[in-house]
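For reference, the structure discussed in these notes is given below.
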Amino acid sequence: CDIWEAFDEDNQRRCALKVLQKAFARDKSEAEQLKNEYEIAKDLQHPNLIEIYSFHVEELPFLAMEFYNFKNIKQVLRLEKDSLQPHHLT
């Protein structure tokens, strides 16, 4: 999958799109796996989880999710090191 930054005009918010790569888009099991990821994660709510908004099958299957602006996990840990407790890292 590739992750893209996008803007949801209907809801007026930035979001991230997790898009199934074209090479895998024809493989129904790959698209089904992405849909299963959506079904499992859509109702989870926690401050340490990114919210999953929706699943779409258009030209390429994709998940629309909350956009979180960081480059990598090291950056997040460095920014949050004073506020994270060990149980937040699991």
Side-chain angles (χ1 to χ4, degrees):
C1 291
D2 293 319
I3 306 294
W4 294 87
E5 181 181 351
F7 187 77
D8 178 351
E9 291 182 355
D10 293 337
N11 295 298
Q12 293 295 299
R13 64 185 174 199
R14 287 168 61 185
C15 62
L17 302 180
K18 182 175 183 179
V19 182
L20 193 60
Q21 292 177 348
K22 199 172 196 174
F24 299 105
R26 291 187 208 131
D27 184 344
K28 292 200 184 293
S29 67
E30 293 288 335
E32 192 65 30
Q33 185 175 344
L34 194 61
K35 183 179 180 185
N36 288 341
E37 181 179 334
Y38 166 72
E39 292 295 333
I40 291 168
K42 69 180 180 172
D43 296 323
L44 296 176
Q45 294 182 352
H46 188 277
N48 294 341
L49 294 176
I50 290 175
E51 183 180 355
I52 306 296
Y53 299 136
S54 56
F55 173 75
H56 301 268
V57 180
E58 308 217 353
E59 253 184 70
L60 297 172
F62 68 93
L63 292 176
M65 63 187 75
E66 178 181 7
F67 179 80
Y68 192 77
N69 192 18
F70 64 88
K71 295 189 186 312
N72 59 49
I73 194 66
K74 285 182 182 180
Q75 182 183 24
V76 172
L77 293 175
R78 187 171 47 251
L79 293 172
E80 304 289 335
K81 70 180 179 180
D82 295 329
S83 63
L84 288 176
Q85 299 299 316
H87 67 277
H88 289 132
L89 300 176
T90 57

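Heavy-atom basis, side chains included; hydrogens, waters and symmetry copies ignored.
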| said: Within this structure, what is the CG-CD distance for the pair Asp43 and Glu51, rounded to the nearest 0.5 Å? | reply: 10.0 Å

| request: Mind checking the CG-OG spacing from Asp8 to Ser54? Nearest 0.5 Å is all I need. | output: 7.5 Å

| task | Return yes when atom CD of Glu5 has more than 12 non-hydrogen atoms of other residues, nucleotides or ligands closer than 6.0 Å, and no otherwise. | result | yes

| query | Does atom CD of Glu59 have more than 12 heavy-atom neighbours from other groups under 6.0 Å away? | reply | no

| query | Is it true that Glu66 and Arg13 make a salt bridge, defined as a side-chain N closer than 4.0 Å to a carboxylate O? | reply | no

| request: To the nearest 0.5 Å, tell me how far Asp10 CG sits from Tyr53 OH. | output: 13.0 Å

| said: Quick check: is Val57 connected to Ile52 through a chain of hydrophobic side chains (ILVMFWY, heavy atoms under 4.5 Å apart)? | reply: yes

| said: Please check if the number of heavy atoms outside Lys35 that lie under 6.0 Å from its NZ is greater than 12. | reply: no

| remark: The single option from Leu63, Leu17, Val19, Leu34 that satisfies side-chain contact (heavy atoms from CB on, under 4.5 Å) with Cys1 is Leu34

| query | Are Trp4 and Ile50 connected in the hydrophobic side-chain network, where two residues link if heavy atoms are under 4.5 Å apart? | reply | no

| query | Is it the case that one hydrophobic cluster holds both Met65 and Tyr68, taking links as side-chain heavy atoms less than 4.5 Å apart, direct or via other members? | reply | yes

| task | Starting at NZ of Lys18, measure out to CD1 of Ile3 and round the result to the nearest 0.5 Å. | result | 5.5 Å

| query | If every non-hydrogen atom of Leu60 is compared with every non-hydrogen atom of Lys22, which pair is closest and at what distance? | reply | CD2-CA, 3.8 Å

| remark: Rounded to the nearest 0.5 angstrom, the CZ-SG distance for Phe62 and Cys15 is 8.0 Å

| field | Residue Glu9 excluded, over 12 heavy atoms near CD under 6.0 Å | value | no

| said: Rounded to the nearest 0.5 Å, what separates atom CZ in Phe55 from atom CD in Glu39? | reply: 9.0 Å

| said: Just checking Gln33: does its CD atom have more than 12 heavy atoms from other residues, nucleotides or ligands closer to it than 6.0 angstrom? | reply: no

